[in-house]
Amino acid sequence: MKTSLFALCALLVAGEIHATHRALLIGINDYTASRLGKPAPGLPQRDWVTLTGAVNDAETLKQMLVLVYGVDPREIVTLTDQAATRDAILQSLQRLETTAGNGDVILFYFAGHGSQVKNSLSDERDKLDESIVPADSRLGADDIRDKELRPYFNRILDGGARLTVILDNCHSGSGARGLATGAHSRGVRRDMRDVADGKRYGPRPESRGALVLSAAEDKEEAREIRDAEGKFHGIFSWAWIRALRDATSGEPAVETFYRAQARMRTEAPFQSPVIAGTSEAKLAPFLGTRIDRRDDRTVVAVGKVMSDSVVLQGGWANGLAAGTELRDPKSATRLKVTEIRGLGQSIAHVISGPRPETGALVEVAGWAAPPGPPLRVSLPRAPGTIASIASFARTLNAEATEHGIRWVANPIDATPSHVLRWGGRGWEIVGSRGAVEHVGNDDAAMAAVSRMPPGTSLFVQLPAPAVMIDALHARSVPTEEADYILAGRYANHRLTYAWLRPLVRRRDERQTGLPLQTKWTVSAPDLRKALARLRTIHAWHTLESPPQARFPYRLQIRRTRDDRLVGEDESIVSDTTYKLYLRGVVPLPPAVKKRYVYAFVVDSDGMSTLLYPPGDSGSVENRLPDAGAPVDIPLDGSGFEASEPFGVDTYFLLSTDEPLPNPNILEWDSVRAPQWQPKSALEELLALTAAGTRSQGVLTPATWSIERVSFESVRSRATKTVP
């Protein structure tokens, strides 16, 4: 087997012999079937929209398998676009099952459209079988139902192999929610041709030891997102790939899943990933031990040594970034990364010591925090003034009322079936399935509303005048890619504006620490201040810590009077005292190195309060865990009560090998950044994050981590507590 220099060196250092890894990766963007034939007449129309990120997901995951897990590229079968027909997928699965042996590690990955198929004899209550959609679906090829996949998966398990299944698709082509943007999901209309299949296909693989990861719950949509380089990915695939990059050696798959889930709650709270499998499968490392970690330190090999630079066999996939410093533990050599060349390669310069030799192993010594991703906002701009836009909205509201149209005041509270919005050159209507219809000028928009059937629910997303947008000093992105949209509404005889998160409903509030919306106002200064607060909150939720420095404890909140744990679906209630605990991950490593621990909370207004260590104690007695590394550790003196502003608060756990010179740098109000001068590189990074201006890389030690958990805070009379 041909092994890269980096993989070979890592394997020799670790002294490990890995089981054979095999993978079948499928990514389908192109559902035109243009090279496969012509559609037969009478086929159902299922809206096979072209996707953008599925092929990129499959190719990126392939690189991760090779670079991070040492998988032989010859053991990876990749089917993309029109090569991923029904027959090709099933034949590749059959070859995979026949070659999988005892102890092998097998991965099946699908990114593309999903759907459902009518089955009057199904054991499902709704008589619909979930399915993945092959590339020749438009020609009449049947979907591949989950029941059809089951025998292949079970035979792999029968042979003693370890199986992981990842599905980045949804099972619905509709399901409008919140403020629609026109973005398409990874799902098409159901195939209502009855397969009438009552055959029993055996037990579910996840009940027999397989690990199954799904991008969304059955009734949710799986969507796509653009990364910092402009490439599209499935939201779940991109979160999972980044979680893999950050995973420590031997980390349980369920911990990797939780980290991916946390990213999705920030970026897409409307989509909830699912992990299924036995406890043993969830607690095992994803695909086994990675090859670029040694004692939870990132280790990469020196490739080519040139006169003025060094090529490293490690890049983004290994957690490196421009500015990262590495050292050779066997010499005084120290390198600095100057350029990242994709997932598996980077360029570095020698900053001290002799030039390293080809094949030398170097490890991360100083970590360069990457610039934070910008908060992306969409700013629909239209000619006119506040008065003229309000006049049009008033007339349109009267027209809608006359024709029995239900006027929606806030799409987060009540999802409309249609959205009328300004598209830059005229009005357009976004339907419940995401289709965008160009309408035209004001008169055409009025006529389109009058033609809507009575009972139609409509949200009119009003644009802002140029003078208001110019005062915000913000760059606009396409609506489909925005974290927030500046949306105007006409309600209570007034035109007002707010920042709204698209595609979310009020019930999603518990899922994310980012506010679903800001207050409605007509004041540009108020909107600018609200945007600044959103940027600060967003910066904290996207702050990354060194991938290899994960602390094996998580933050818990318990009620003081009875020590009862507050669950994820519960609220923090005012007039009740709570305290913080550290809870060890399962399984807890046999030896846990002590760290200085800090806990603080950022509320929905962007204000931060330090909860631990308490008061002015500084970094005293907060070095944990004590001898024996207990599973539960109370953070003494961390008692607190919920107070205004009520909303979703995010609790952060910061752990570091070196104490913060001034822990009070973790406190600031919603307008001003910390008023303390940073005294260390880590404090400088924290201060930039608090100011929402983390636009530059800061070199910090590689031995700190940050974790977060969000809870809704409410007034005591507004919720029922569990006795």
Quiz item: Do Asp470 and Arg381 pass the salt bridge (charged side-chain N to carboxylate O under 4.0 Å, His left out) test, and can you show the C-alpha distance, the side-chain angles, and the key distance before you say yes or no?
Solution: CA-CA 10 Å; Asp470 291 342; Arg381 177 196 298 250; 3.1 Å; yes
Exercise. Check Arg177 against Val504 and note the closest heavy-atom contact, atom names and distance.
Key: NH1-CA, 3.7 Å
Quiz prompt | Exercise: identify the closest heavy-atom pair between Thr385 and Pro465 | solution = CA-CB, 4.1 Å
Quiz item: Under a 4.5 Å cut-off applied to non-hydrogen side-chain atoms, are Leu179 and Leu503 in contact?
Solution: no
Practice problem: Indicate yes or no for a side-chain donor-acceptor contact from Gln511 to the backbone of Asp508 under 3.5 Å, with no hydrogens or angles considered. | Solution: no
Self-check item: Side-chain H-bond candidate by donor/acceptor type, Ser705 with Ser655, under 3.5 Å
Solution: yes
Exercise. Step by step, work out the side-chain contact (heavy atoms from CB on, under 4.5 Å) result for Thr521 and Thr496.
Key: CA-CA 5 Å; Thr521 180; Thr496 51; 5.9 Å; no
Quiz item: Hey, mind stepping through Arg394 and Glu399 against salt bridge (charged side-chain N to carboxylate O under 4.0 Å, His left out) and telling me if it holds?
Solution: CA-CA 9 Å; Arg394 184 165 50 252; Glu399 185 76 12; over 6 Å; no
Exercise. Would you please classify the geometry between the Trp316 ring and the Trp238 ring as parallel, tilted or perpendicular, with 30° and 60° separating the classes?
Key: parallel
Exercise. Would you name the heavy atoms of Pro416 and Val408 that are closest together and state the gap between them?
Key: CB-CG2, 4.0 Å
In residues 472-485, what donor-acceptor pairs under 3.5 Å come from side-chain atoms, sequence neighbours left out?
residue : atom : partner : partner atom : Å
Ser476  : OG   : Leu379  : N            : 2.9
Thr479  : OG1  : Ser378  : OG           : 3.1
Glu481  : OE1  : Arg226  : NE           : 2.9
Glu481  : OE2  : Arg226  : NE           : 3.1
Glu481  : OE2  : Arg226  : NH2          : 2.6
Asp483  : OD1  : Arg376  : NH2          : 3.0
Asp483  : OD2  : Arg376  : N            : 2.8
Asp483  : OD2  : Arg376  : NE           : 3.3
Tyr484  : OH   : Pro515  : O            : 2.5

Practice problem: Would you kindly check if the NZ (Lys) or CZ (Arg) of Arg489 is within the cone defined by 45 degrees around the ring axis of Trp520 and under 6.0 Å from the six-membered ring centre? | Solution: yes
Quiz item: If we ignore angles and hydrogens, is there a donor and acceptor under 3.5 Å between the side chains of His418 and Ser457?
Solution: no
Exercise. Say whether, by atom type as modelled, one donor and one acceptor occur between the side chain of Gln271 and the main chain of Ala215 under 3.5 angstrom.
Key: yes
Self-check item: Verdict with reasoning, His233 to Asn56, per side-chain contact (heavy atoms from CB on, under 4.5 Å)
Solution: CA-CA 7 Å; His233 302 268; Asn56 190 40; 2.9 Å; yes
Quiz prompt | Aromatic plane relationship, Phe711 with Tyr651 - under 30° parallel, 30 to 60° tilted, over 60° perpendicular | solution = perpendicular
Exercise. Under the side-chain contact (heavy atoms from CB on, under 4.5 Å) rule, what do Arg506 and Asn410 come out as? Steps first, then yes or no, please.
Key: CA-CA 10 Å; Arg506 189 64 63 188; Asn410 189 337; 3.8 Å; yes
Practice problem: Please check if the side chain of Ser237 supplies one atom and the backbone of Gly234 the other of a donor-acceptor pair under 3.5 Å. | Solution: no
Self-check item: From Ile572 atom CD1 to Ile557 atom CD1, the distance as rounded to the nearest 0.5 Å
Solution: 4.0 Å
Quiz item: With distance as the sole test, does Ser214 use its side chain to make a donor-acceptor pair with the main-chain N or O of Val274 at under 3.5 Å?
Solution: no
Quiz item: Are the side chain of Ser608 and the backbone of Leu666 linked by a donor-acceptor contact shorter than 3.5 Å?
Solution: yes
Quiz item: Side chains of Thr324 and Lys336: does their closest heavy-atom pair fall under 4.5 Å?
Solution: no
Exercise. Output yes when Glu544 and Arg245 qualify as a salt bridge under the 4.0 Å nitrogen-oxygen rule, no when they do not.
Key: yes
Practice problem: Look at Arg533 together with Asp603 and state whether they make a salt bridge at an N to O cut-off of under 4.0 Å. | Solution: no
Practice problem: Hey, could you give me the CE/CG distance between Met446 and Leu420, rounded to the nearest 0.5 Å? | Solution: 9.5 Å
Quiz item: Is a side-chain donor-acceptor pair under 3.5 Å present for Thr536 with Trp540?
Solution: no
Exercise. Taking the side chain as every heavy atom from C-beta outward, state whether Thr650 and Ser710 have any pair of such atoms under 4.5 Å apart.
Key: yes
Practice problem: Keeping the roles fixed (side chain from Ser388, backbone from Gly384), state whether a donor-acceptor pair exists under 3.5 Å. | Solution: no
Exercise. Indicate yes or no for a side-chain donor-acceptor contact from Ser574 to the backbone of Ser716 under 3.5 Å, with no hydrogens or angles considered.
Key: yes
Quiz item: Hey, which of Arg554, Arg510, Arg265 is the one that makes salt bridge (Lys or Arg N to Asp or Glu O under 4.0 Å) with Glu568?
Solution: Arg265
Exercise. Compare all side-chain heavy atoms of Arg421 with those of Val436 and state whether any distance is below 4.5 angstrom.
Key: yes
Quiz prompt | Contact summary for Asn29 and Ala54, nearest pair of heavy atoms | solution = OD1-N, 2.8 Å
Exercise. Determine, step by step, whether Ser272 and Glu220 satisfy the side chain to side chain donor-acceptor pair (under 3.5 Å) criterion, reporting the C-alpha distance in whole Å, the side-chain angles of both residues, the deciding distance to 0.1 Å, and the verdict.
Key: CA-CA 8 Å; Ser272 303; Glu220 292 180 340; 3.3 Å; yes
Quiz item: For Asn441, does the CG atom have more than 12 heavy-atom neighbours from other residues, nucleotides or ligands under 6.0 Å away?
Solution: yes
Quiz prompt | Side chain proximity check, Leu375 to Leu534, heavy atoms < 4.5 angstrom | solution = yes
Quiz item: Would you say the side-chain atoms of Thr512 and Arg501 include a donor-acceptor pair closer than 3.5 Å?
Solution: yes
Quiz item: With no hydrogens and no angle check, is any side-chain donor or acceptor of Trp407 less than 3.5 Å from a backbone partner on Tyr490?
Solution: yes
Exercise. Flag the pair Phe392 / Trp422 as yes when their ring centroid distance falls below 6.0 Å, and as no otherwise.
Key: no
Quiz prompt | Minimum-distance pair of heavy atoms, taken over all atoms of Ala368 and Ala322 | solution = CB-O, 3.4 Å
Exercise. Verify the neighbour count for atom CZ of Arg494: are there more than 12 heavy atoms of other residues, nucleotides or ligands below 6.0 Å?
Key: no
Quiz prompt | Pairwise side-chain contact, Val602 with Met607, heavy-atom cut-off 4.5 Å (strictly under) | solution = no
Quiz item: Taking the inter-plane angle between the rings of Phe652 and Phe600 on a 0 to 90° scale, is it parallel (under 30°), tilted (30 to 60°) or perpendicular (over 60°)?
Solution: parallel
Quiz item: Counting distance only, does the side-chain N/O of His113 pair as donor-acceptor with the main-chain N or O of Cys170 below 3.5 Å?
Solution: no
Quiz item: How about Val49 and Val188: do any of their side-chain heavy atoms sit closer than 4.5 Å?
Solution: no
Quiz item: Taking NZ, NE, NH1 and NH2 as the nitrogens, is one of them in Arg186 or Glu221 under 4.0 Å from a carboxylate oxygen of the other?
Solution: no
Quiz prompt | Side-chain H-bond candidate by donor/acceptor type, Gln677 with Asn662, under 3.5 Å | solution = no
Exercise. Could you tell me whether Asp168 and Arg223 have a side-chain N and a carboxylate O separated by less than 4.0 Å?
Key: no
Practice problem: Dump the intermediate steps for side-chain contact (heavy atoms from CB on, under 4.5 Å) on Leu51 and Phe232, then the final yes or no. | Solution: CA-CA 9 Å; Leu51 298 174; Phe232 280 93; over 6 Å; no
Quiz item: Quick one: are Arg341 and Ser346 in side-chain contact, heavy atoms under 4.5 Å?
Solution: no
Quiz item: Rounded to the nearest 0.5 Å, how far does CD of Glu644 lie from CG of Asp605?
Solution: 10.0 Å
Self-check item: Closest contact, heavy atoms only, Ile537 versus Gly513
Solution: CG2-O, 3.7 Å
Practice problem: Return yes if some donor-acceptor pair links the side-chain N/O of Thr60 with the main-chain N/O of Asp57 below 3.5 Å, else return no. | Solution: no
Self-check item: Polar side chain donor-acceptor pair, Asp442 to Trp427, under 3.5 angstrom
Solution: yes
